[in-house]
Amino acid sequence: MTIKQSRPPFDASTIPGGLCPIATHLTTMLPGDWRAERPIVDRDSCVKCATCWMYCPVQCITEHAAWFEADLRVCKGCGICATECPHRAIVMLEETK
Amino acid sequence: MITAKTIVCDGNEAAAWGAVLSRPDMVAVYPITPQSSLAEYLSQFIADGILDAELLDVEGEHSVLSVLHGAALAGARTYTATCGQGLAFMFEPYFRTPPLRLPIVTSLVTRDGITPQCVWGGQQDAMTVKDVGWVHMYCETVQEVLDTLIMAYRIAEHRQVMLPVNVNHDGNYLSYGVCRMELPGQAEVDAFLGPKDINWHVALDPDRPMAVDPLTGGAGGPGPALFVSYRKGLCDGMQHALRVIEEVHDEWALRFGRRWAPLVEEYKLDDADFAIVTIGSMTGAAKDAVDQARARGERVGLIKVKTFRPFPIEAMVRAVSKVEALGVVDRAVSFGWNSGPLHQEVLGALYYGRRPIPAISFIGGLAGADLTVGHFRRVIEQTAAARWTGPGQAPIWLNEND
């Protein structure tokens, strides 16, 4: 899915194709598109210490009533949260289609 | 305002004057022998208010060219100069400049490659980076350094070229060789160059938001075709440059009265039986040797390459079609071919022109060694003999027994 710029400020079609690599359209593909493993949070073990929230490199940890978990649209499955969780509340599960 | 006058200067000062008259907005230089005095001249011109440009003192050549990328993307006319190990350290951004189509002009004060440790002239540095998409023009005289530097901006910024240009002058021989030079006036140079137009196609500009150099390529989607289109576009720009270089040299001759061969110079070639091929400042001694041989009755001519990249295949084929043997003199080594780099280019042109004539590779002038009229007399003698014996397989090293 692509989105036009909200305010097209110049006509990109005036630049000859094949001249040099530029992009004038925003692509909304998120890192979750190529995830191989997903983090699963054990809600009973999670104490909301926010360690996962601090370490997540794509800042995809969201807060819920009694636990944190990853926004799977953004999470790229790196597993840093599972490694860093002091309560061992996160396991990585292989994605299957 | 600089008015036209005659001055006495060396090639490094000539290059600096060429930069001054081209009015760059930003200059970044890091000193390296034999370019250092060029950096000093530029700094002095800016300190004295003769050149109104931002001067960046950065920590090395990698940063020099990187900041000039940013400046060009913001619309600035830019200039730098380097050579040898400095050019080697600059290579990462150097490699990226042509496909970004940034019209940056850079003097290469050519220097031999280390190791062995040396600080003297030779064209090994420039020849090593010949195939990444920069235009390369080699100068013969101090005056040609100044004239070519100004012309380089017209060539680089031409809308059908949009490529970086190296103006190369031999370390030591041109960098420090002092002679008379005609300095053009600022008004005349301004009229010649016209207004600058650097970032109409790719820009760092809040009013034209774009991603510069996004991830392109791969095996799927639009990647493969898009990547090919950029590669072909760069090749097209290089081929357009051949025509633009000729047009710009013609206009320079009309406006300033000095006509330089834009691609390939033919010297006493029309009735020649054989010819020597040269590049850069060695050509002066080579022409003297040709004159002496002519006085002895030998029908020898000379072909000088000014524009080495893009290689002027058609002009070279026209030139080599007039003779029966060639002696190609390089001031650099092609280690891959046991030959000189220019020699390999000439062999390519001979194949293209369907002329399988003998062409000997001579290598001389490495690391500051002199190339004299005497050396060229040997080149002429051995090239004349090659008409009957054919060329040997190994190069002839001109300074081997000096």
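Lettering follows sequence order; numbering is per chain, from 1. All values below come from the heavy atoms of this structure, side chains included, with hydrogens, waters and symmetry mates left out.
- Few gaps surround CZ on A:Phe68; more than 12 heavy atoms of other groups in view lie less than 6.0 Å from it.
- Residue B:Val202 is tested with A:Ile15, A:Leu19, A:Ile22 for a side-chain contact (heavy atoms from CB on, under 4.5 Å); the sole match is A:Ile22.
- Between A:Pro21 and B:Pro214 the shortest side-chain heavy-atom distance falls below 4.5 Å.
- When all heavy atoms are compared, the tightest approach of B:Trp200 to A:Pro16 is CZ3-CD, 3.7 Å.
- Few gaps surround CD on B:Glu92; more than 12 heavy atoms of other groups in view lie less than 6.0 Å from it.
- The number of heavy atoms from other shown groups lying within 6.0 Å of NZ (A:Lys76) does not exceed 12.
- In terms of heavy-atom proximity, A:Gly18 sits nearest to B:Arg101 at O-NH1, 4.2 Å.
- Counting heavy-atom neighbours within 6.0 Å of B:Asp205 CG, excluding the residue itself, gives a total above 12.
- Heavy atoms from other residues, nucleotides or ligands lying under 6.0 Å from CZ of A:Arg73 number 12 at most.
- Of the residues considered (B:His201, B:Arg231, B:Lys232), B:His201 shows the highest number of contacts with chain A, using heavy-atom pairs under 4.5 Å.
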